Each structure stands twice: as structure tokens, then as C-alpha cells.
> 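Mind looking over this structure? Questions follow.
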Amino acid sequence: MAKVNPSTRTKEDFFNLVWQVVRLIPKGRVTSYGAIAKFLGTGSSARTVGWAMNASHHATPAVPAHRVVNRLGMLSGKHHFSTPEAMENALKREGIEVKDDKVVDFAKLFWDPGKELDW
DNA sequence: ATGCTGACGTCGC
DNA sequence: CGCGACGCCAGCA
């Protein structure tokens, strides 16, 4: 995963980069919006990562947005899926336990792109 | 064109 | 230790 030069980066690239990173998340692991934001460069706010997820619905190939949660491991974006249960179900199907809209053992399942990827 | 809002995160009080 | 405010980038009224 090569880091794109910020000067040559366009907004389309930003969305693309976010999607790329999310797609690289191993099955059964999760990451946070902030982690992705930092991976792309501190300049990119975590909020914008959320917007990228919002736009990821029509992205191809599909983006596993359900593996992205906030820094507390809460499924803050579940309401933006086709159904509120979709996110939780998808996670459970991958072996991730979800309790009260939170990822169980989030710290252990956390997947840091900056640490796992080569940049 | 301006301003508010949003799937967040951090710092300040 | 809990709550509030600000910053960040992009979309929409």
C-alpha cells in the first residue's frame, strides 16, 4: 500500500484510498475511522473517512464498511446500512462478537493500517 | 457563495 | 473523571 503524495492527491483519490485500506482489513478484524485518517495523513479528518464510507455503497468492489467502527469499537454507523442489523450481523458472521452495539475485545481485534501495511 | 451537518477525534475546562 | 467545544473535509440547502 503506497502512500499517495498529498500534493497530487485529489478528492477522488481520497475516497479511493479509504476504500482500499478498508478492503485490506482481514476478515475477523476491525479498525477505526481515526486510524484510517491518520494512515492517509493527519490532515484528513476522521469525519471525512465517515463520508467515504457513506459513498462506499456504490463502490466496486464492495467495501466492508462494517469492519470500520469508531475508536471505542462502537457501531456508530450501523444506522447507515441497509438495515441496522446488517452491520452487527456481518461482524458476527466473521466471528466478531458484538455486545450492546460495541465490538467485544476491540483492542485485541483492532487492525492498525499504519502498522500492518507498508508505508 | 455561505453556512450547517455529519458513520470522529482530541484538547480544554 | 465527565461534558463541551473546536477542527477536520465533503456534500447539500
Side-chain angles (χ1 to χ4, degrees):
Chain A
M1 187 61 185
K3 187 176 163 75
V4 175
N5 188 329
S7 57
T8 61
R9 186 171 69 195
T10 69
K11 52 186 175 184
E12 277 190 27
D13 286 336
F14 180 80
F15 280 66
N16 247 316
L17 286 169
V18 174
W19 297 340
Q20 280 182 51
V21 174
V22 175
R23 279 194 282 253
L24 288 174
I25 301 174
K27 183 182 177 186
R29 304 290 296 280
V30 293
T31 193
S32 70
Y33 302 96
I36 297 172
K38 281 186 179 177
F39 174 71
L40 297 179
T42 322
S44 308
S45 174
R47 284 178 175 254
T48 316
V49 176
W51 260 158
M53 295 296 100
N54 191 15
S56 73
H57 277 287
H58 56 78
T60 51
V63 177
H66 59 274
R67 294 179 191 154
V68 184
V69 295
N70 68 4
R71 80 179 184 98
L72 300 177
M74 298 208 272
L75 310 188
S76 35
K78 61 181 288 184
H79 226 219
H80 287 262
F81 282 76
S82 47
T83 69
E85 313 92 48
M87 187 174 188
E88 185 173 332
N89 274 329
L91 289 173
K92 284 183 176 176
R93 211 171 50 215
E94 296 184 354
I96 299 176
E97 289 188 49
V98 178
K99 183 83 175 180
D100 197 31
D101 290 350
K102 296 186 306 257
V103 174
V104 180
D105 288 330
F106 173 67
K108 203 158 62 174
L109 297 172
F110 182 71
W111 182 83
D112 188 351
K115 185 178 179 181
E116 303 292 337
L117 301 179
D118 182 35
W119 67 313

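Just so it is clear, the model here is predicted, and its values are computed rather than measured. Lettering follows sequence order; numbering is per chain, from 1.
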> Using whole Å, report how far CD1 of Ile25(A) lies from P of dA7(B).
19 Å
> Roughly how many Å apart are dA5(C) and dC4(B), using the P atom of each and rounding to a whole number?
15 Å
> Taking any heavy-atom pair under 4.0 Å as a contact, classify His66(A): base, sugar-phosphate, or nothing.
nothing
> To the nearest 0.5 Å, tell me how far Phe15(A) CZ sits from Gln20(A) CD.
14.0 Å
> Considering all heavy atoms of both residues, which atom of Trp111(A) and which atom of Leu24(A) are nearest to each other, and what is their separation?
CZ2-O, 3.7 Å
> In whole Å, I'd like the distance from the CH2 atom of Trp51(A) to the C1' atom of dG9(B).
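Rounded to whole Å, this separation is 17 Å.
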> Enumerate all atom pairs, one protein N or O and one N or O from nucleotides 6-8 of chain C, separated by less than 3.5 Å.
residue: dG7(C); atom: O6; partner: Arg47(A); partner atom: NE; Å: 3.3
residue: dG7(C); atom: O6; partner: Arg47(A); partner atom: NH2; Å: 2.9
residue: dG7(C); atom: N1; partner: Arg47(A); partner atom: NE; Å: 3.3
residue: dC8(C); atom: O3'; partner: Gly43(A); partner atom: O; Å: 2.7
residue: dC8(C); atom: O2; partner: Ser45(A); partner atom: OG; Å: 2.6

> What integer distance in Å separates Ile36(A):CD1 from dC9(C):C1'?
15 Å
> Separation of Asn70(A) atom CG from dG9(B) atom P, in whole Å?
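Rounded to the whole Å, the gap is 5 Å.
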> Would you compute the distance between atom OG of Ser32(A) and atom CG of Leu72(A) and round it to the nearest 0.5 angstrom?
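Between atom OG of Ser32(A) and atom CG of Leu72(A) there are 9.5 Å.
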> A quick test of your reading: do over 12 heavy atoms of other residues, nucleotides or ligands sit less than 6.0 Å from CZ of Arg23(A)?
yes
> Out of Lys92(A), Lys78(A), Glu94(A), Glu88(A), which residue meets the side-chain hydrogen bond (donor to acceptor under 3.5 Å, both in side chains) rule with His66(A)?
Glu94(A)
> Protein-nucleotides 10-13 of chain B N/O pairs closer than 3.5 Å?
residue: dT10(B); atom: OP1; partner: Lys38(A); partner atom: NZ; Å: 3.4

> Roughly, in whole Å, what's the span from CG in Leu40(A) to C1' in dC9(C)?
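One finds 12 Å between C1' of dC9(C) and CG of Leu40(A), rounded.
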> Looking at every heavy atom in both Leu109(A) and Gly28(A), which two are closest together, and how far apart are they?
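For Leu109(A) versus Gly28(A), the nearest heavy atoms are CD2-O, 3.6 Å.
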> Just the rounded figure in Å: distance from P of dA7(B) to CE of Met87(A).
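The answer, rounded to whole Å, is 12 Å.
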> Give, for atom CH2 of Trp19(A) and atom CG of Asn16(A), the distance between the pair rounded to the nearest 0.5 Å.
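One gets 6.0 Å once the value is rounded to the nearest 0.5 Å.
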> To the nearest Å, give me how far apart CG (Leu17(A)) and P (dA10(C)) are.
12 Å
> Roughly, in whole Å, what's the span from CH2 in Trp19(A) to P in dA7(B)?
18 Å
> May I ask you to say what Asn54(A) touches in the nucleic acid, namely base, sugar-phosphate or nothing, with a heavy-atom cut-off under 4.0 Å?
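If one applies the 4.0 Å heavy-atom cut-off, Asn54(A) turns out to touch a base.
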> I'd like to check Phe110(A) versus Arg29(A) (side-chain heavy atoms, cut-off strictly below 4.5 Å). Are they in contact?
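The answer is no; the side chains never approach within 4.5 Å.
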> Of all the nucleotides listed (dA7(B), dG9(B), dG11(C)), which has the minimum atom distance to the side chain of Phe15(A)?
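Closest of the options to the side chain of Phe15(A): dG11(C).
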> Report the distance from atom OG1 of Thr31(A) to atom CG of Asn70(A), rounding to the nearest 0.5 Å.
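One finds 11.5 Å between OG1 of Thr31(A) and CG of Asn70(A).
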